[in-house]
Amino acid sequence: MRHITYKLKYAALAAVAVMMLAACSDFLEITPRDQVTEDNFWNEKADIDQMVAGCYLSMQTEGFINNAIVWGEARSENLYPTSMLDSKEYNLYQIMRENLLSTNPYTKWINYYEVINKANTIIAMAPVVSQKDPSYHESDVLATIAEMTALRSLCYFYLIRTFDEVPFYRFAVQEEDAVAALPATPFNQVLDSLVYDLEAVRGNAIVHYPANDDNDRIGGRYYTTVNRVTRTAIDAMLTEMYLWQGNYDKAIASADAVIAQKRADYQEEYGASTSVSLTKPQLLTAPNGTAMELYQATTANPSLVHNAIFGGNGNSFESIFELAFTFQGSGSFYENTAFGRLFGENKAKDSNQGAGFLTPRPDIIAEMSAKSYSFWRSQYDVRFYNNIQTDNKYAEGTIRKGVALTFDIAAKSGSGLPFDNTSKGYFTISAYQNRNFIFYRLTDVMLLKAEALVLKATDEETDENKELLRQAFDLVYLVNTRSCTNRTDYLNANKTEATNRKLLREVIRGERNRELMYEGKRWFDLVRYARQEGSPKVVRSTVTSKVSSGAGGGTFPSMDALFWPYNKDEVRVNPNLHQKSIYASEASESYSSGNE
């Protein structure tokens with residue numbers, strides 16, 4: 001696993017497996033830690049390094065990434081089922097119909113608690129090892145604890161956004177009984193604890209990891225500084241968590257820390273030269289003076305942004321934290337098969353001539369051809385052409401973002417659309433699923449900051465509020481302008497939406513959806529909007545049309561309906577874990593289909 005600074009040896013894999021590989025049924029069946037804490041293992045820094053590698057390895061499993069995408073995106077309006085879904089993947093089909101049952105395997109959280117358990121143990125053992133190994137300095141120990149605290153916090157953040165209340169603990173498991181009957185901790189209490197933990201360790205986190213070799217660099221086969229948690233990654237996590245808390249000042253400050261570090265990174269990588277290659281990030285300036293270095297799409301190179309961020313080796317300048325999947329051979333567990341399985345070109349199983357289980361919502365394809373813009377504000381937004389192949393070969397659009405190795409969209413002349421994405425030839429698909437999974441990137445944080453600025457402002461006509469809105473508009477303008485190749489179609493600072501708080505909030509929400517679609521963000525964003533408004537109305541108005549035919553819970557009658565049921569096996573083994581009332585009546589039911 002070369003995306004970290006050390007090699008993961010087979011002996012370490014064995015240690016990780018013995019350490020606390022949870023059983024298939026639920027996370028509570030954990031191998032006691034005292035079976036692997038003998039003096040022959042926890043002796044030196046290399047042992048800690050191996051265990052840290054094991055945490056990242058656990059996050060690279062198909063189950064972990066599958067859940068990150070399905071939990072964060074599948075219930076949103078962005079994704080529709082393909083025609084084969086009900087016969088090939090009935091459990092996912094039921095999710096797309098908003099028919100959530102506790103028997104659905106996508107309700108299992110074992111993959112996330114495995115990482116939590118490993119992180120807890122490393123945090124507990126790092127100080128012990130430092131007493132035995134003089135080369136494992138105090139600063140190294142603190143950096144390890146910061147890194148593992150961040151991974152643990154990220155996993156819990158996924159869990160609470162998916163399930164609302166979840167069992168929460170920070171200690172290394174000694175015996176199964178220690179966590180066998182933990183009750184669910186309320187959402188806000190867990191979130192506050194995560195923020196507290198991250199604030200406590202942020203200053204100890206590594207800012208830049210030393211490069212391992214010539215391939216360890218921006219855009220390289222691996223790039224340790226974004227393939228592991230850094231202080232910047234923690235700042236990105238805090239930005240989003242503060243936003244969920246409603247702490248807008250701190251969200252803005254954390255986003256500023258991310259932006260400042262990225263600007264410093266740009267200077268270090270590219271210098272102050274004005275003759276930077278056009279394939280590198282460009283200094284873009286918004287109408288009110290805000291500036292940021294970002295990749296820029298052009299008419300001559302409309303796929304530049306996608307190729308830099310999602311194509312090739314990934315690990316772009318704009319990345320903050322992403323898991324690197326470097327192909328190691330057929331059947332390697334470094335493959336990111338989740339993207340191939342869900343979006344297309346999974347050659348291992350359940351493929352449909354290149355299509356995946358999920359497809360883009362049909363209206364965002366139809367409106368581009370009709371030039372009646374609602375979702376895409378402009379026919380020159382290259383994210384449409386790079387995200388989706390629209391030749392209707394499979395009777396539905398095919399998602400290429402997260403799947404394609406290279407994007408080769410080219411400009412075309414005539415009165416039709418300015419770019420062509422109707423042929424598979426415009427996308428190079430790797431023989432193996434080796435696309436990285438991105439947790440945080442720069443424009444994500446910029447839009448989180450823009451949201452915080454708008455929410456901090458009020459509707460009063462004060463200079464302070466006007467300045468907050470100007471800053472927010474600049475950020476969304478920069479994100480939009482770098483992906484549009486015709487400047488006449490850019491967001492316009494003279495329009496009412498640039499200065500009206502309510503309208504600008506909707507502009508930011510729309511831009512965030514366009515920028516981050518299919519990255520496992522949209523459903524979580526919708527839930528956050530609902531929490532901000534204290535009502536599921538925003539979700540109901542956005543998603544119901546997708547699931548209105550045959551969907552049991554499609555109207556989202558309550559806030560509880562935005563979260564998933566607990567898996568029936570978790571409720572069965574834990575007497576203190578109680579199913580949400582909205583799902584309680586189906587606790588013993590299962591799908592009546594022969595296609596499971």
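Worth saying up front: this structure is predicted, and the values here are computed from it rather than measured. In what follows, residues are counted from 1 in the order of the sequence shown.
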Under-4.0 Å salt bridge between [X] and [Y]:
X: Arg441; Y: Glu322; result: no
X: Asp525; Y: Arg522; result: no
X: Lys521; Y: Glu515; result: no
X: Glu318; Y: Lys262; result: no

Minimal non-hydrogen separation, [X] against [Y], with atom names:
X: Val258; Y: Ala236; value: CG2-N, 3.7 Å
X: Asp560; Y: Ser581; value: OD2-OG, 4.5 Å
X: Ala324; Y: Asn436; value: CA-OD1, 3.2 Å
X: Ala257; Y: Arg202; value: CB-NH2, 4.2 Å
X: Tyr209; Y: Thr225; value: N-OG1, 3.1 Å
X: Ala74; Y: Ile95; value: CB-CG2, 4.4 Å

Between [X] (side chain) and [Y] (backbone), is there a donor-acceptor pair under 3.5 Å?
X: Asn204; Y: Ala143; value: no
X: Asn111; Y: Met59; value: no
X: Asn104; Y: Asn91; value: yes
X: Arg231; Y: Gly203; value: yes
X: Arg75; Y: Leu562; value: yes
X: Asn215; Y: Gly220; value: no
X: Ser254; Y: Ala251; value: no
X: Tyr113; Y: Pro167; value: yes
X: Asn567; Y: Thr107; value: no
X: Lys45; Y: Val129; value: no

Between [Y] and [X], is there a side-chain heavy-atom distance shorter than 4.5 Å?
X: Tyr242; Y: Leu448; answer: no
X: Asp192; Y: Gln245; answer: yes
X: Leu194; Y: Phe168; answer: yes
X: Val207; Y: Gln261; answer: yes
X: Val229; Y: Thr149; answer: no
X: Pro565; Y: Gln579; answer: yes
X: Lys401; Y: Glu519; answer: yes
X: Glu147; Y: Ile122; answer: no

Report yes or no: do [X] and [Y] form a side-chain donor-acceptor pair below 3.5 Å?
X: Asp164; Y: Tyr566; answer: no
X: Thr239; Y: Tyr440; answer: no
X: Tyr56; Y: Gln60; answer: no
X: Thr230; Y: Arg228; answer: no

Distance check, rounded to the nearest 0.5 Å: [X] atom [atom1] versus [Y] atom [atom2]?
X: Leu154; Y: Ile116; atom1: CG; atom2: CD1; answer: 9.5 Å
X: Thr224; Y: Asp216; atom1: OG1; atom2: CG; answer: 3.0 Å
X: Arg221; Y: Asn227; atom1: CZ; atom2: CG; answer: 11.5 Å
X: Asp265; Y: Ile218; atom1: CG; atom2: CD1; answer: 7.0 Å

Go through it in stages, so that I can follow the logic: the residues are Lys88 and Thr82, the test is side chain to side chain contact (heavy atoms under 4.5 Å, CB included), and I'd like the CA-CA distance, side-chain angles, deciding distance and then a yes or no. CA-CA 10 Å; Lys88 292 285 188 178; Thr82 55; over 6 Å; no
Quick one: sort the Phe439 and Phe437 rings into parallel, tilted or perpendicular, breaks at 30° and 60°.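 Phe439 and Phe437: perpendicular rings.
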Students often mix this up, so state it plainly: with edges at 30° and 60°, are the rings of Phe343 and Phe339 parallel, tilted or perpendicular? tilted
Ring centers of Tyr93, Phe357 separated by less than 6.0 Å: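 No.
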Under the criterion ring pair (Phe, Tyr, Trp, His ring centres under 6.0 Å), which of Phe157, Trp71, Phe563 is the partner of Phe163?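 That would be Trp71; it is the only one of Phe157, Trp71, Phe563 passing the ring pair (Phe, Tyr, Trp, His ring centres under 6.0 Å) with Phe163.
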Pair Tyr156-Ser193, side chain to side chain donor-acceptor pair (under 3.5 Å): steps then yes or no: CA-CA 10 Å; Tyr156 273 127; Ser193 297; over 6 Å; no
Quiz: residues 181-190 side-chain donor-acceptor pairs under 3.5 angstrom, not counting sequence neighbours:
unit_1: Asn188; atom_1: OD1; unit_2: Arg531; atom_2: NH2; d: 3.0

Test log, rule side chain to side chain contact (heavy atoms under 4.5 Å, CB included), inputs Tyr518 and Leu79: CA-CA 8 Å; Tyr518 313 136; Leu79 292 172; 3.6 Å; yes
